[in-house]
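By convention in this document, chain letters (A, B, ...) are assigned in the order of the sequence lines, proteins followed by strands, and residues within each chain are numbered from 1. Atom set for the values below is all heavy atoms of this structure, side chains included, hydrogens, waters and symmetry mates excluded.
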Number of protein chains: 8
Amino acid sequence: MTPPALLQLLSEVEQGKLSPSVAAERLASLPFEDLGHTRVDHHRSLRSGLPEVIYAAGKTPQQVVDIFSSLAKSGVDVLTTRASAEAAEAVFALHPTAAYNPTARTIALRQSPPADIAGHIAIVCAGTSDLPVAEEAATTAEVFGTRVTRLYDVGVAGIHRLLAVLDQLTVADVVIVCAGMEGALPSVVGGLVGVPVIAVPTSVGYGASFGGATALLGMLNSCSPNVSVVNIDNGFGAAYSATLIARAANRSR
Amino acid sequence: MTPPALLQLLSEVEQGKLSPSVAAERLASLPFEDLGHTRVDHHRSLRSGLPEVIYAAGKTPQQVVDIFSSLAKSGVDVLTTRASAEAAEAVFALHPTAAYNPTARTIALRQSPPADIAGHIAIVCAGTSDLPVAEEAATTAEVFGTRVTRLYDVGVAGIHRLLAVLDQLTVADVVIVCAGMEGALPSVVGGLVGVPVIAVPTSVGYGASFGGATALLGMLNSCSPNVSVVNIDNGFGAAYSATLIARAANRSR
Amino acid sequence: MTPPALLQLLSEVEQGKLSPSVAAERLASLPFEDLGHTRVDHHRSLRSGLPEVIYAAGKTPQQVVDIFSSLAKSGVDVLTTRASAEAAEAVFALHPTAAYNPTARTIALRQSPPADIAGHIAIVCAGTSDLPVAEEAATTAEVFGTRVTRLYDVGVAGIHRLLAVLDQLTVADVVIVCAGMEGALPSVVGGLVGVPVIAVPTSVGYGASFGGATALLGMLNSCSPNVSVVNIDNGFGAAYSATLIARAANRSR
Amino acid sequence: MTPPALLQLLSEVEQGKLSPSVAAERLASLPFEDLGHTRVDHHRSLRSGLPEVIYAAGKTPQQVVDIFSSLAKSGVDVLTTRASAEAAEAVFALHPTAAYNPTARTIALRQSPPADIAGHIAIVCAGTSDLPVAEEAATTAEVFGTRVTRLYDVGVAGIHRLLAVLDQLTVADVVIVCAGMEGALPSVVGGLVGVPVIAVPTSVGYGASFGGATALLGMLNSCSPNVSVVNIDNGFGAAYSATLIARAANRSR
Amino acid sequence: MTPPALLQLLSEVEQGKLSPSVAAERLASLPFEDLGHTRVDHHRSLRSGLPEVIYAAGKTPQQVVDIFSSLAKSGVDVLTTRASAEAAEAVFALHPTAAYNPTARTIALRQSPPADIAGHIAIVCAGTSDLPVAEEAATTAEVFGTRVTRLYDVGVAGIHRLLAVLDQLTVADVVIVCAGMEGALPSVVGGLVGVPVIAVPTSVGYGASFGGATALLGMLNSCSPNVSVVNIDNGFGAAYSATLIARAANRSR
Amino acid sequence: MTPPALLQLLSEVEQGKLSPSVAAERLASLPFEDLGHTRVDHHRSLRSGLPEVIYAAGKTPQQVVDIFSSLAKSGVDVLTTRASAEAAEAVFALHPTAAYNPTARTIALRQSPPADIAGHIAIVCAGTSDLPVAEEAATTAEVFGTRVTRLYDVGVAGIHRLLAVLDQLTVADVVIVCAGMEGALPSVVGGLVGVPVIAVPTSVGYGASFGGATALLGMLNSCSPNVSVVNIDNGFGAAYSATLIARAANRSR
Amino acid sequence: MTPPALLQLLSEVEQGKLSPSVAAERLASLPFEDLGHTRVDHHRSLRSGLPEVIYAAGKTPQQVVDIFSSLAKSGVDVLTTRASAEAAEAVFALHPTAAYNPTARTIALRQSPPADIAGHIAIVCAGTSDLPVAEEAATTAEVFGTRVTRLYDVGVAGIHRLLAVLDQLTVADVVIVCAGMEGALPSVVGGLVGVPVIAVPTSVGYGASFGGATALLGMLNSCSPNVSVVNIDNGFGAAYSATLIARAANRSR
Amino acid sequence: MTPPALLQLLSEVEQGKLSPSVAAERLASLPFEDLGHTRVDHHRSLRSGLPEVIYAAGKTPQQVVDIFSSLAKSGVDVLTTRASAEAAEAVFALHPTAAYNPTARTIALRQSPPADIAGHIAIVCAGTSDLPVAEEAATTAEVFGTRVTRLYDVGVAGIHRLLAVLDQLTVADVVIVCAGMEGALPSVVGGLVGVPVIAVPTSVGYGASFGGATALLGMLNSCSPNVSVVNIDNGFGAAYSATLIARAANRSR
């Protein structure tokens, strides 16, 4: 219930169009979301045009299809992350226009008219094994209507590869850096750009990489002050925050 | 060395104004920064007007004073973090206009003309013990020329305290959330706002808080997708990224 | 051996009905349970009417059936936790009235006359992935004769969902809260109710959730003082303690 | 704002006593606590008669005194935990009737008329080094008006010591067990009683006790199902939950 | 090379039966084992009559058979631990008199004449899930010629079960205690007996048992001073040390 | 209460010398220690002649003196471990014949007549920094009446030093090995001797030694099967178990 | 671009042979590798004759074949590590002269003329289970043209086995030591040789070996100062560094 | 005992100059060092001219002086690491020509004639806080007679600083890289040079740097294959291995 709506309701009471008891009932039964601070996820989706997102890990293909269809019915864009090929096939049967990215493991259904591209994210990854995470970030950002520049396989052990793409790096509004093993790339990238860097540790590595924990710890200790970090393999979360930043940077131009 | 400058140099060689050997020497001794991708920290400072920053932990008061004076000489703003009272006193003796925030442990010297305030950060903390970290973030952001709204002591065990300040929270360009112990506050805040949230775990707690590691882990696992995380007690880093975001959001309005 | 039984035995000795040596032998061979402090699990079951419980993890279906049948023979209620579908089928073959909850992975056989419901537990969980743990708690409590109110999918990233069920939360005698990932929900719930909260970390999450360890640590550091914690995924243990609390709260009314 | 109050406000609008805009403002500025679910900590204190509690760790004596006096002014009972001798002396200067327990490091000021004792907690500890934690629990519970039976130095390496106090153990409404090192005592106690056991790991030990983490882990893995756990050295939290349980068990008799 | 052998060699040189250069060569090429301190494992086997042992984990059935046959050829007793059923079948094909214990996963071949039983080990375990480890210890000790008393399923949550077997416990020369979860049993047993206790943490448990690490840490922090610890699930190692102790205690009687 | 005593009591009931109710009371109030399995620590001391032991860490000098005097009064030998110089001075004031070993931090008072030395322990340590732990073990064993051979500073980085003392090593009944850093020494020693080895990790080291945890883990993974392990720096516990083993090995010769 | 080349270019500009704009373009488009510090991996391969290396873990057989063929086309030697039998078969179909080492899981294709063997590495491992890692190191070094002496199964629990091969150990230019479990072998070897030792922890072990972490920690704490360490199971990396050392030691003789 | 010496001894026996029993005794009492494989540390010092080294941490100034003087007496060079200013002063009183490096905390006494400089080590560190570790490495290498190039404060957040010193980096025989926080520098350096890199994690950092563990883990996971790692803050060990490598590389030129 927005402030104008509240004023309208009270005016109707003043004008006798609405009895106090009926008005009281409506105010009392207000879902918290009508006060403007609840069901924020729903509101956020409406406000930003960001599609609803389904996290498919641990769900059966049937469960994924059910939720997907339920969301798709309302006409919004739908994004599913961590989706198996089986889940994708099941979705395609009902939603043949959905797109599956097998590397990113995402299923995306665009139903809204193409929005103006708002903002520009560079997505950097250290090695080819980081691709699933980088692509989860890339397809998420693209479904959210953000422009993505992919700069892959530019790990720090061959620093020239990174320097060679510096021009593409420095024009983005925000940079996502995915790296496993020692997770050193965000620090180097952070020193080369003047925008926020969102670091995504990946579970790439073996032995003392401890499933990505080493990369995570390294990124949290970055000596570049413009680096913040999300959970291991969380390409989706990085793209979410990055999209919010890229949109804000382009909101009013 | 910009492309025009390079062309100019080569033209002078062509015209005989510059001998090949002298030109070779100048090209050979090009500091990498002249190519546009090096000394980025220095460039970044020039470009953004962000002051130089000294991390005082592990430095003697004398060392802090020496670096401080060296930077101040060039007329830029200077910020020192993790500064003891002793270091502050030593700085005051030479720079009486510097300001010390004993809670934040920051020393700030403003020498540039007051800039237009660019962007708005809300800084939220869970309890009074988190104040040193929240204030490090707040004074850093303010020295960087960003508007700060402080919303302190609104921990999740009394959720009404947070809901009561919702209006102030939702108008910021970006939110910094500092919390120790279970580190739950960023998830709740992240669900209430539509902007990026930068979470700062603090070392507040005892026993199984393990010096802030528990709060750190909790924040990394946030179920709110707009949360990214910095190192334990790293108020400075949170403010740095938040300032970049807040500036971008207000650059062109 | 109860005090009256001991007195009776000694009287028989006094009266010559029992020789000292026979009496000595009987006293010497007294199983510790006869002294009132041993075989407590058995006694506890008799005293409280709580059914015997089988932990099926790591047991073959045949082993589960054997123990189940052995307990069922004595006429008591029997509860099996962590039971696979295979184990359930094997049990049904012999005990067709047993009930299997595939989400909770519990097999329950009620043989006692329906007891008066004693006490009221609210079981809250953060997301749908926490259901197996929440349901293990719920079916355990119900088999123990406690009333259960299920309040599911009310995670802290959408705090309004929790506030919307506040009325149902505040009337329970005790609250069980199941959550994975950052494990923040018990702190929020703990601040909203005036009864004990038993927190169950779940192994839901990925990356730095470390199989539930992050949620566990978060809950142990709760800033709500009415929260205590059980092992990861231990819905059964939470229901056991909660039942004892709920029964005590309703014992004498 | 209670329903009658809301009806009254709306009636005044209907009767023209209140303009819609003023009413809208009042409804918009409703503090959440008026809806009955906020400022719960304050409400809880009023409802239960539990005193306000100050956590003194990390606060200066002056800060402790200031908060203490502020709370004491309103006539409620005041409890301070983790208080140093210096803090206690500072409090005594202004509140000579306050009582300091140097082992528990608590300062308590009773101002309410003596309440009826409600409920009975047995507090068990493994060794004399656990006394500070056990006493923090004991004095907290006593300030909260609960009867406490202290059963100290009954560690599992001399199990007879525990069996010797079994009678005292089995009559309590709830048992708190404090233990460091291997933290085995709660499992043994849990097997001997039919009431909830709240386990408090203590930081007593050396080497691989890792500051209490070993005891904590042991207690979380207890094979007794009636055991729940609080943070390392958190005697206060254990007493808080235990008091709620003990009160509930005695509410209506 | 024993001292007499050395003297013999030198005498032969003195007598001209052996040239200095040939003697030098023989002395220079002396395998270290001839000096009495090398190939200790082989020597130990000869000296104590302990059979050779094969650790089958990570070996193929064929590899196990090859080593088994090679050892068996020399007529000694052979013990294989961590052997799969497949490995056992492969061994039986060639060594039909070998015995497989499927719970302990051991294959044993007795070829030496039955030795006098030397020493007495009590093996205690907390629950039925600990049986594989306890049985690995038991069959190892029995193959080594030690008498074993099995006292199973006497966990601390039902302390009476342990007290009921106290007589059997106190007559052993050494006690092995296997327990998972909180690993509390060795402390209790250690307090009840006057002989060395060797504790074996097992990987039994879930969640915060961390694969036996919790039990391991608990046992290392035992408050009973007569407890020492071996690796998680290392029933073999416990039996090895226990056998050495039990033999020493019975050597000269 | 021994069997004869029980028979006597029952006879008195039969003969009318004791009323059934008085006998029942006496049987009911039997302290568990009278049954032969309680107060085991006290019994163990009496049976074995091992002195009482005080763990002084975390106790004030006055507390140490009080307990020391209380024990000394009964005429037994008294051993205090982890005692500061201050505690030792305080003890000397009242017990001038007590002996303080500043390296081992032990205070020992011998009051019993010199016992026959029973058994022989070799105590090996890797470096001079391990001396406090090795000496705690050595003085403990000596106070317990065991012969000790000290073989210090024979770390594995100079394996010849260990081989040079092999003769002294192989004649002991049991070997204690103290080592910090990588904790490799017990494995090497275990391969050289045919008796049980008790490994004591020490907190010697820096960086990734993590306060002795690395040495502890190494010893638990020893490839020598005759190695068992006690807590970090627990020289006392190692000597306790070793003494029991050495005594058993020499009991009947 | 070397200094002479730069001078040449500038001279051509001076002489009018090259227009300034063309020269500027060439200077501007200089790949970083032309400056001598980029594409270092490629340069290093050319300079040292070390073959290109493919890390096959996480790649499909087809992907391995594609990269393999692409590299082989240029005529260089190609090494693939962590290759499955399936990948090897796929490679053989196209490159029948490639060699697969199933223990090391390496595929090697020699295409360059046999180089002079440069340098000598001794590779030591503790047990037969460490063979895959030791062989990965051995085949890597051999493909790199280094002489390898294999000294396998010489673990510290039978120290004589190591001493018996001392002669072979001390003639190498560098020693690689692979060990799992307690990881003690590098310390012993380090004390016996005067050359650098590269320690490779292996994931061999169970329980508290924590997947090789214990061996890793032990090696990092080695008391032999000539030991450095690589990641768990990283035989390739050890061989890489060792080859560089062995080559340097033999470069100019 | 060298082969010639052995032959000599045997010849004397043949010639009757030495009786067999005396010869046997001498052979039997041969210290292992005479066989050429023991007391290796001593031999190594003699062979390489490397001075004796004292690790002063945990030693009193007096103890340091005693060992220092004892070593100095024999005329060798002496190096002390981790020495406090107090220890240095105590040494100066007796050895006025010793040199103390307060940053490195080393005391060095040169007594041998200046050796030819053999080999060249580049020592790189990330920040000024890493200086104590870098200087420990530098002074150690210099005392060992190796040339050292110091390249300090070239952390990865300003990659240009490192590229600017590339020429100095690429001419060294081996590179030592010291870094704290995320420990990313060795990977970048490893990609830029063709020689072995020894990485030294430092304890520089805060929060999730966990005393250097994060840097250590990062370095172990380096994607540059020429990186090996030593313990946290172990500048001495790095210099030791690096010196061996640098010497080998220059031995025969």
Atom pairs and distances, donor-acceptor, side-chain atoms in residues 177-186 of chain F, under 3.5 Å, two or more places apart:
unit_1	atom_1	unit_2	atom_2	d
F/E182	OE2	G/S187	OG	2.2
F/E182	OE2	G/C223	N	3.0

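Interface residues of residues 203-218 of chain F toward chain G, defined by a heavy-atom distance below 4.5 Å and sorted by number: F/Y206, F/A208, F/S209, F/F210, F/T214, F/L217, F/G218. Close approach to chain F, defined as a heavy atom under 4.5 Å from one of its heavy atoms, is seen in no residue of residues 227-238 of chain G.
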Item to check | G/I159/F/I159 under side chain to side chain contact (heavy atoms under 4.5 Å, CB included): CA gap, chis, key distance, verdict | outcome: CA-CA 9 Å; G/I159 199 71; F/I159 199 72; 4.0 Å; yes
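Residues passing the salt bridge (charged side-chain N to carboxylate O under 4.0 Å, His left out) test with F/R105: none are found, sequence neighbours excluded.
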